[in-house]
Q: 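This is the structure I want to talk about, given as structure tokens.
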Amino acid sequence: MTKNESTVDRAIRAGISVTALGAGLSLGGIFTPPGAALLGVSVVSGVTAATGYCPLYTLLGISTAPTSA
């Protein structure tokens, strides 16, 4: 898996992850439908931020990672 996310992209995803987790917990935790959905958003964006790889970007042929020339 080649990294296809830039540092800025990864930082935004990390912010989304933390925000979604906080919102999900404040809406009653993971045992409510909105809380569970926000937990899912948090996990997916957190994993992609940590790895620097987004499978959807690969499917769409997008890369925000800097090119080495």
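Below, each value reflects all heavy atoms present in this structure, side chains not excepted, and no hydrogens, waters or symmetry copies. Owing to the predicted nature of the structure, the values given are computational and were not obtained by experimental measurement.
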Q: List for me each residue that meets side chain to side chain donor-acceptor pair (under 3.5 Å) alongside S42, sequence neighbours excluded, and say none if there are none.
A: S17

Q: Show the atom names and distances, to 0.1 Å, of all donor-acceptor pairs under 3.5 Å that link a side chain in residues 49-56 to residues at least two apart or in another chain.
A:
from: T51; atom 1: OG1; to: V47; atom 2: O; distance (Å): 3.0
from: T51; atom 1: OG1; to: Y53; atom 2: N; distance (Å): 3.3
from: Y53; atom 1: OH; to: T58; atom 2: OG1; distance (Å): 3.3

Q: Only counting residues at least two apart or in another chain, list the ones meeting side chain to side chain donor-acceptor pair (under 3.5 Å) with R10.
A: none

Q: Out of curiosity, L38 CG to T32 OG1, how far, rounded to the nearest 0.5 Å?
A: 8.5 Å

Q: Taking salt bridge (charged side-chain N to carboxylate O under 4.0 Å, His left out) as the cut-off, I'd like each qualifying pair that reaches into residues 13-30, sequence neighbours left out, listed once.
A: E5-R13, D9-R13

Q: Decide yes or no for Y57 and T64: does some side-chain heavy atom of the first lie under 4.5 Å from some side-chain heavy atom of the second?
A: yes

Q: Which other residues end up in the same hydrophobic cluster as V44, if Ile, Leu, Val, Met, Phe, Trp and Tyr are linked when side-chain heavy atoms come under 4.5 Å apart?
A: none

Q: Can you name the side chain to side chain contact (heavy atoms under 4.5 Å, CB included) partners of I30, sequence neighbours left out?
A: L39

